[in-house]
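Just the heavy atoms: all of them, side chains too, but no hydrogens, waters or symmetry mates, feed the values below. Every chain is numbered from 1, with letters handed out A, B, ... down the list of sequences.
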Amino acid sequence: MASSIFSDWTVWSDSPILDAISLKETLDGGQAFRWNALEAGAFEGRWNAHVVRIRPSVTCDHLEYAIPKTACPKASIDALNTYWATGIDYSALTDQLPWRSDPVIRTAIEAFPTLRILKQPFEECLFSFLCSSTKQVPQIKAIHEMVALRLGNELPDGSHALPTWSQIASGGEAPLRDAKLGYRARYINQCAQVIVERPGWLASVEQMPTADAREELLRLPGVGRKIADCVLLFGAGRLDAFPIDTWVQKILGQAYSLKDWNLNQLQQFAQIHFGQQAGYAQQFRFAAARAGKLRL
DNA sequence: GCACAGGTAGATT
DNA sequence: AATCTACCTGTG
């Protein structure tokens, strides 16, 4: 076997414990778009300047990781813990969801018992979901690779990071069009121009209370309620953010008999019935719906 | 050829 | 305030 640029597999002592199906759904179910499956249940992912591999241990009671030999181990493990929000007790949160009274939630948790919400870099997450409108996961992933290759810094393994907003702004719209972003290219370029004109603004948005942060994100071209809530949920740990897309709309319509409700009414319903973990509950329903576990 | 895919913004009822 | 429609590209 050829020598690898990656370190040996190492125990990730603070790792979450996930079954294989929940792990795949968490990494490749539409929250993040830069994870790829390797052999033997392992995954390789990229965010900011990090390239990380993870896999279940032989005994499946923790995860192991590997990083490029040139990477700083301490920075990498800190980044992993942040990305996975390992400080949050997801098994306790799962138990707080209304599965006892809600058969949809119960079915979804049975299918993906250890599903988690990632805490991705806020600025990258905004880019990701600007790419996502009326696109399917494989296409979104392909777009990410093309944009990274054209505009992002090279990483230790020869692949590329996603570009910073500054790099996107400098590149203009053309490379985004080349990356098959279509009409989204104009929005992304406009966002980049706005963001570089206001240094520190986007970072400050991440720190705001959820409602204020959402209001700020909605000022960006191409960012509507759904994308804003995805960025808050998957990029800022706001589990109360509740993105309503075509899937969720269908689920709420069928399973909760809310067929003729409009988006605002559905938002209200979610806030009242699913509360502080509304977004987490939504991700369970979304995963179950996509897996065909719900009658829709 | 044509509808549809984890939307949004602007125009038109 | 609710309902069209254009906007790109890929897939079935």
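Residue contacts for G222(A): at a heavy-atom cut-off of 4.0 Å it reaches the sugar-phosphate backbone alone, with no base atom in range. Using a 4.0 Å heavy-atom cutoff across all strands shown, R177(A) reaches sugar-phosphate atoms only and no base atom. L220(A) comes within 4.0 angstrom of the backbone, heavy atoms only, and of no base. Heavy atoms of V223(A) sit under 4.0 angstrom from primed sugar atoms or phosphate atoms, though from no base atom. Counting non-hydrogen atoms under 4.0 angstrom, F129(A) reaches nothing in the nucleic acid. Using a 4.0 Å heavy-atom cutoff across all strands shown, Q249(A) reaches no nucleic acid atom at all.
F284(A) has its ring centre no less than 6.0 Å from the ring centre of F274(A). The distance between the ring centers of F6(A) and Y65(A) does not fall below 6.0 angstrom.
A 6.0 Å sphere centred on NZ of K250(A) holds no more than 12 heavy atoms belonging to other residues, nucleotides or ligands.
The same atom, P, is picked in dA2(C) and in dG6(B); the two are 26 Å apart, to the nearest Å. Taking the P atom of each, dA11(B) and dC8(C) are spaced 16 Å apart, rounded to whole Å.
The listed nucleotides are dC8(C), dT8(B), dT9(C); the one nearest the side chain of K180(A) is dT9(C). For T246(A), counting side-chain heavy atoms from C-beta on, the closest listed nucleotide (dG6(B), dT11(C), dC8(C)) is dG6(B). Here dC7(C) is the nucleotide among dC7(C), dG6(B), dT8(B) with the atom lying nearest to any side-chain atom of Y183(A).
Taking 4.0 Å as the cut-off between side-chain N and carboxylate O, R34(A) and E145(A) count as a salt-bridged pair.
Comparing S132(A) and P221(A) along DNA chain B, the residue whose closest nucleotide (by nearest heavy atom) sits nearer the 5' end is S132(A). Across the interface with DNA chain B, nearest-nucleotide mapping of Q282(A) and L218(A) shows Q282(A) to be the residue nearer the 5′ end.
When rounded to the nearest whole Å, the span between CZ of R184(A) and C1' of dG7(B) equals 8 Å. Counting to the nearest Å, the C1' atom of dC7(C) and the OH atom of Y187(A) are 7 Å from each other. At whole-Å resolution of the value, CD1 in I140(A) and P in dT9(C) are 16 Å apart. What separates CD of Q139(A) from P of dT9(C) is a distance of 12 Å, to the nearest Å. Separating the CG atom of L263(A) from the C1' atom of dA2(C) is a distance of 12 Å, rounded to the nearest angstrom. Between the NE2 atom of H144(A) and the P atom of dG6(B) there is a distance of 15 Å, given to the nearest Å. Put simply, CZ on F33(A) is 10 Å from P on dG6(B), counting in whole angstrom units. Put simply, CH2 on W247(A) is 14 Å from P on dC4(B), counting in whole angstrom units.
In this structure, the side chain of R116(A) engages the main chain of W84(A) through a donor-acceptor pair within 3.5 Å.
Taking 4.0 angstrom as the limit, N262(A) places a side-chain polar atom (N or O) nearer than this to OP1 or OP2 of dA2(C). Distances shown here put every side-chain N or O of R290(A) at or beyond 4.0 Å from the OP1 or OP2 atom of dG6(B).
Figure legend. dT5(C) is base-paired to dA9(B); pairs are counted as Watson-Crick or G-U wobble with both atom distances under 3.5 Å.
At a cut-off of 3.5 angstrom, counting only N and O atoms as typed in the model, there is a donor on one side and an acceptor on the other between the side-chain of K135(A) and the base of dT9(C).
Between the side chains of S57(A) and T59(A), at least one donor-acceptor pair of N or O atoms lies under 3.5 Å.
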